[in-house]
Amino acid sequence: MNNKKRIGLFELYSKDPIKADKELWDREINPKTRRGFLKKSGLLAMASVIGANIPFANNMPSGLIPVAVADDSSFKIEGKHEGMIILNDYPVNTEFPAHLLDDEVTPNDKMFIRNNGIPPVDIDVDNWILEVGGESCETTKKYKISDLKEKFEEVTIQLQLECAGNGRVEFNPSASGNQWSLGAISCAKWSGVKLKDVLNDCGIKDDAVYVAYYGADKSLNSDGKEAISRGVPLKKALEDESIIAWGVNGGDIPFHNGHPLRVITAGWPASTSGKWLNKIVIRNQVHDGVKMGGSSYRTPRNPVEPGQESENMCIIESMPVKSLITYPKSGAVVKLNDRLKLRGHAWAGDLRVNEMEISIDFGATWSKAILQEPINRLAWQHWSTEVNFLKVGYYEIWARATDLNGIKQPMVMPQWNPKGYLNNACHRIAVMIES
Ligand SMILES: Nc1nc2c(c(=O)[nH]1)N[C@H]1C(S)=C(S)[C@@H](COP(=O)(O)O)O[C@H]1N2
Ligand SMILES: [Mo]
């Protein structure tokens with residue numbers, strides 16, 4: 001560090017996040033992870049980086065980067081909310097920073113996008129055909145969207161969709177793939193029909209074990225093949241919440257989110273929820289479509305040392321317990337003696353969240369937040385609370401959810417796996433308390 005007086009990075013961060021990020025690189029903090037660890041510098045150096053005193057410095061895990069210097073930066077793209085973060089434009093992969101996911105029901109312009117290939121063009125909604133077949137389907141049938149609407153009971157249900165790779169950016173050693181931070185999660189209100197009603201209309205043979213989708217998008221390497229074709233065991237497909245949707249939040253599904261039709265099997269990796277849906281197959285074996293095999297959406301059956309591969313992988317099913325702080329935005333400046341209101345969401349795959357806790361002292365003590373019931377099964381739950389700060393300075397607010405089985409979110413990265421899936425570490429935000 002030179003002697004020149006630096007503007008506190010915290011202040012710079014709130015003004016110009018991109019410049020602040022660059023400063024970070026200059027200051028030798030691992031630039032790969034937004035929540036990595038300081039290489040050498042101690043807490044004193046850290047305090048000078050953020051330009052403030054850290055009241056609970058004693059409790060801070062050694063080397064952890066204060067989130068004030070490790071937050072999201074965002075820029076603009078057409079079509080979705082301007083705060084969208086673009087991770088990749090070919091194929092399109094975008095997410096939102098946590099504070100933009102504050103809505104109880106995720107609006108269409110804030111639904112993340114995870115495309116594996118090239119979406120279809122020239123979509124003709126009136127003549128869009130969904131075929132249902134497969135070796136364990138008694139009668140192969142074709143439906144127009146209008147047929148689905150006429151034949152089956154319509155349901156509207158709020159469902160969480162989370163990419164299995166959400167949080168991948170924190171994996172160390174790093175894992176290839178989109179470097180999702182926290183925002184590959186949405187919970188919108190979907191309208192359509194129950195998948196089981198359609199499957200039963202075609203007849204499910206006794207030997208059926210799996211239900212899988214095909215979509216109209218194509219792989220990037222112009223071989224004409226699908227980009228992805230995944231599925232779920234029959235039991236999951238037959239749940240009341242597994243649906244074929246043509247609408248979301250009272251309107252059409254946005255183009256990049258699968259217009260005009262998609263399947264949703266919420267609580268599982270969102271890769272099981274096929275977009276631009278044109279075919280469903282009832283299988284007599286575990287589906288063998290694109291991204292079902294190898295290490296795709298699989299984790300080692302037995303824990304591996306970070307950086308090691310495994311031959312023995314199993315398919316990810318229900319997603320783990322997780323939560324977000326959606327208010328305030330990380331970097332908020334609060335007056336001493338003002339009670340700070342906090343809120344966010346929590347979810348736990350197929351399960352419910354049972355408890356929500358907050359810490360303002362780097363996890364030394366926790367206090368319970370108010371946790372609401374989900375509006376329906378497989379919708380996220382909202383939590384809220386208020387906190388008081390005793391001294392001025394830099395604080396972090398950590399949030400931790402516990403699922404119905406008593407499983408809590410880990411504080412740091414969970415078990416490493418080769419593809420960087422299932423990071424459900426606690427979300428942390430920075431706040432500055434001023435007199
Ligand atoms: N047809 C098709 N379906 C798909 C995908 C895709 O690329 N093509 N991506 C999957 C993955 S990996 C995820 S995380 C979710 C993302 O849904 P969203 O883009 O609507 O948020 O869609 C899934 N369904
Ligand atoms: Mo995904």
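Position 1 is the first residue of the sequence; numbering continues from there. First listed ligand is number 1; within each ligand, the first listed atom is number 1. We use all heavy atoms of the structure for the numbers below, so side chains are in, but hydrogens, waters and symmetry mates are not.
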Suppose we measure from atom 19 (O) of ligand 1 to each protein heavy atom; which comes out shortest, and what is that distance? Lys275 NZ, 2.6 Å
Tell me which protein heavy atom sits closest to atom 11 (C) of ligand 1, plus the residue, atom name and distance to 0.1 Å. Ser271 CA, 3.5 Å
Can the ring centroids of Tyr214 and His287 be said to lie less than 6.0 angstrom from one another? yes
What do you reckon, does Gly258 put a non-hydrogen atom under 4.0 Å from ligand 1? no
Charged N to carboxylate O under 4.0 angstrom, Glu357 versus Lys408? yes
Can you name the atoms of ligand 1, numbered from 1 with element, that are less than 4.0 Å from a heavy atom of Gly274? 3 (N), 24 (N)
Which option wins on minimum heavy-atom distance to atom 23 (C) of ligand 1: Ala270, Pro269, Pro254, Gly165? Ala270
Using a strict cut-off of 4.0 Å, indicate which atoms of ligand 1 neighbour a heavy atom of Ile113. 19 (O)
Measure the distance from atom 6 (C) of ligand 1 to every protein heavy atom, then report the residue, atom name and distance (to 0.1 Å) of the closest one. Ile228 CG2, 3.3 Å
Non-hydrogen atoms of Leu161 versus ligand 1: any pair closer than 4.0 Å? no
Are Glu154 and Lys149 within salt-bridge range, i.e. N to O under 4.0 Å? no
Quick one: do Lys110 and Asp103 make a salt bridge, cutoff under 4.0 Å? yes
Is the shortest heavy-atom distance from the side chain of Pro91 to the side chain of Asn116 under 4.5 Å? no
Closest to atom 17 (O) of ligand 1 by heavy-atom distance, out of Arg230, His259, Arg262, Glu162, is Arg262
Polar contacts were defined as any N/O atom of the residue lying under 3.5 Å from an N/O atom of the ligand; does this apply to Asp217 and ligand 1? yes
Can you sort out which atoms of ligand 1 are near Cys163, meaning under 4.0 Å from one of its heavy atoms? 14 (S)
Around atom 16 (C) of ligand 1, find the nearest protein heavy atom and jot down its residue, atom name and distance. Arg114 CB, 3.6 Å
Atom 24 (N) of ligand 1 [closest protein heavy-atom partner, distance rounded to 0.1 Å]: Ser273 O, 2.9 Å
The residue among Leu422, Asn166, Val353, Asp403 that forms side chain to side chain contact (heavy atoms under 4.5 Å, CB included) with Lys322 is Asn166
For Lys236, which residues count as a salt bridge (Lys or Arg N to Asp or Glu O under 4.0 Å) partner, sequence neighbours excluded? Glu239, Asp350
Which residues pass the side chain to side chain donor-acceptor pair (under 3.5 Å) test with Lys144, sequence neighbours left out? none
Check this for me - ligand 1, Phe112, N or O atoms closer than 3.5 angstrom, yes or no? yes
Could you tell me if any non-hydrogen atom of Tyr297 lies under 4.0 Å from any atom of ligand 1? yes
Are Arg400 and Trp366 in a cation-pi setup, meaning NZ or CZ lies under 6.0 angstrom from the ring centre and within 45 degrees of the ring axis? yes
Got more than 12 heavy atoms from elsewhere within 6.0 Å of NZ, Lys205? yes
Asn257 N/O under 3.5 Å from ligand 1 N/O: yes
Which residue holds the protein heavy atom closest to atom 7 (O) of ligand 1, what is that atom called, and what is the gap in Å? Asn116 N, 2.7 Å
Looking only at heavy atoms of Ala227, does any of them come nearer than 4.0 Å to an atom of ligand 1? no
Indicate whether any N or O donor in one side chain lies under 3.5 Å from an N or O acceptor in the other, for Ser242 and Thr265. no
For Ala184, which part has a heavy atom under 4.0 Å from ligand 1: side chain, backbone, both, or neither? neither
Using a strict cut-off of less than 4.0 Å between a Lys/Arg side-chain nitrogen and an Asp/Glu carboxylate oxygen, indicate whether Arg114 and Glu95 qualify as a salt bridge. no
So the atoms of ligand 1 within less than 4.0 Å of a heavy atom of Asn115 turn out to be 7 (O)
